[in-house]
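Data block below; observations after.
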Amino acid sequence: MVALVRSCTLVGIDAVGVDVECVVQPGQLPSYSVVGLAAPPVKEGGVRIRSALRACGHDLPLKRVTINLAPADLRKAGCALDLPIALSTLVGDGLYDGAILDGLVVLGELGLDGTLRSVPGVLAAAMLARERGARGVLVPDACAGEALVVDGIEVYGARHLAQVIAALAGDEPLPAPTRAERSRRSRAPVIDMAEVRGQGNARLALEIAVAGGHNILLTGPPGTGKTMLARRLATVLPEMTRGEALETTKVYSALGLADGLVLERPFRAPHHTISGAALLGGGSQPRAGEISLAHNGVLFLDELPEFSRAAIEGLRQPLEERAVTINRIHGTLRLPASFLLVAAANPCPCGWLDSGARECTCGSGLVDRYRSRLSGPLLDRIDLQVHVEPVTLAELRSPDPGEPSADMRDRVTLARQRQRARLAPWGLRCNAEMTSSVLRACCKLDAASEAELASLVGQKRVTARGVDRLIKTARTIADLLGQDDIDPGALIEAASFRSELAA
């Protein structure tokens with residue numbers, strides 16, 4: 001008799017179906033074998049399974065137990081196959097009828113005492129079950145809240161292997177989750193844009209960046225407020241839609257970081273010593289990096305020129321395609337990475353070049369090498385480049401607060417609504433996502449605007465990609481103003497945020 005239990009394994013952030021087959025046959029010597037390209041944690045699961053079964057009054061059969069994980073050419077990693085293997089063994093030995101498991105995707109890690117521990121990727125498993133028309137999922141109770149956010153499937157959450165065995169025996173129904181669907185919303189922000197004094201030009205640039213999903217670079221000497229502005233950007237971000245929340249939670253779930261549905265847009269700020277693999281994703285068993293953790297949110301890179309050359313150059317493809325491709329000998333993995341890049345940089349290594357506050361101690365060669373990291377293809381993919389000037393003492397000590405984040409967020413939300421309505425036929429969500437064909441269809445310019453564009457291009461010497469990005473930024477400015485068309489004024493304002501570094 002071949003016992004079959006449906007399960008899955010994670011490949012990147014996606015769940016791939018795995019059929020756990022078990023055959024128990026008589027033999028002179030008892031044995032336990034797992035075939036089907038199982039990683040060491042899966043093979044070591046036999047020790048955990050034996051101990052867990054003994055805790056429930058059972059044991060591995062003293063026969064030849066063969067576990068096959070199909071498809072055979074797919075590498076299976078992690079400990080989520082412990083529970084389906086244990087259940088297939090019990091059914092394969094003829095102790096129980098496995099009919100109650102029909103139509104369920106089963107996964108869970110077993111403790112030595114039989115407790116079920118949470119595993120990564122439960123949300124992806126639930127989404128796979130719905131896509132395949134399965135009845136539902138059986139997962140550890142500790143992470144069942146992730147599966148509950150997926151509509152149209154049944155969710156069962158067990159705390160102990162004994163609960164599942166009792167259901168197999170017909171003594172009890174499959175256990176329901178003890179906690180309802182959870183959503184993870186961060187605490188009320190303790191920071192606000194109202195704390196920023198002055199910096200009207202930088203605040204405007206950040207509002208445009210958030211409204212259209214445009215990448216932005218803040219340059220200026222130390223202490224002018226670049227980091228302060230960037231970190232308060234999270235308070236201006238519009239709320240995520242249900243679809244965006246599911247996309248983001250799927251990434252966090254695959255890394256074991258989810259605790260219910262993620263409702264707040266991510267804000268990731270890795271240190272400049274981060275490796276290229278940690279930033280972009282990778283490893284022998286590829287995992288999502290910081291740019292995927294920032295999906296549908298913000299990636300803040302402070303001191304951008306201090307990041308490694310490999311990390312900076314590696315950002316070019318994700319910024320263009322809004323996804324990162326990782327190539328390995330076993331295949332190619334594509335992870336989502338649609339984020340708003342906010343970068344900050346000093347004008348030179350010491351930071352005081354042309355600041356008027358202190359004398360720069362850097363030689364011209366050192367400054368040229370430093371600035372060379374801010375030029376070229378990466379900078380051409382950054383729509384807004386803003387020099388942040390020092391604030392005056394009068395502005396700094398003013399008792400009047402700046403404009404609060406809530407007011408800025410209201411304008412951003414309205415602008416995003418206009419963009420969604422306009423870009424709905426193409427399935428896009430913000431102006432920065434427009435391709436060249438969509439741009440030509442949605443952003444037609446009149447004669448006056450075409451003339452102004454030709455003048456600006458001649459002055460700024462931007463590339464063809466830069467022209468498209470200039471028009472996208474102008475479209476966002478028009479959206480913030482509630483205008484249906486792009487006028488010359490919007491183009492002029494967009495060009496004012498393309499610094500001399502973009503030339």
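Given the structure is predicted, the values throughout are model-derived calculations rather than measurements.
- Looking at residues two or more places apart in sequence or on another chain, you find no side chain to side chain donor-acceptor pair (under 3.5 Å) involving S7.
- Sequence neighbours left out, not one pair with a member in residues 435-457 passes salt bridge (charged side-chain N to carboxylate O under 4.0 Å, His left out).
- Legend: residues meeting side chain to side chain donor-acceptor pair (under 3.5 Å) with K76, ordered by chain and number and at least two apart, are absent.
- Residues that satisfy the salt bridge (charged side-chain N to carboxylate O under 4.0 Å, His left out) test with E493, not counting sequence neighbours, are absent from this structure.
- Residues passing the salt bridge (charged side-chain N to carboxylate O under 4.0 Å, His left out) test with R369: none are found, sequence neighbours excluded.
- Legend: side chain to side chain donor-acceptor pair (under 3.5 Å) pairs involving residues 122-134, not counting sequence neighbours: none detected.
- Annotation: salt bridge (charged side-chain N to carboxylate O under 4.0 Å, His left out) contacts involving residues 208-234, sequence neighbours excluded, comprise E195-R232.
- Annotation: side chain to side chain donor-acceptor pair (under 3.5 Å) contacts of S275 (sequence neighbours excluded): none.
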Under 3.5 Å, sequence neighbours excluded: what are the donor-acceptor pairs made by side chains of residues 116-128?
none

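- Legend: salt bridge (charged side-chain N to carboxylate O under 4.0 Å, His left out) pairs involving residues 203-222, not counting sequence neighbours, sorted by first then second residue: E207-R411.
- Sorted by first and then second residue, the pairs that involve residues 285-303 and meet salt bridge (charged side-chain N to carboxylate O under 4.0 Å, His left out), not counting sequence neighbours, are R268-E290.
- The side chain to side chain donor-acceptor pair (under 3.5 Å) check on T325 picks up Q317, R334, with sequence neighbours excluded.
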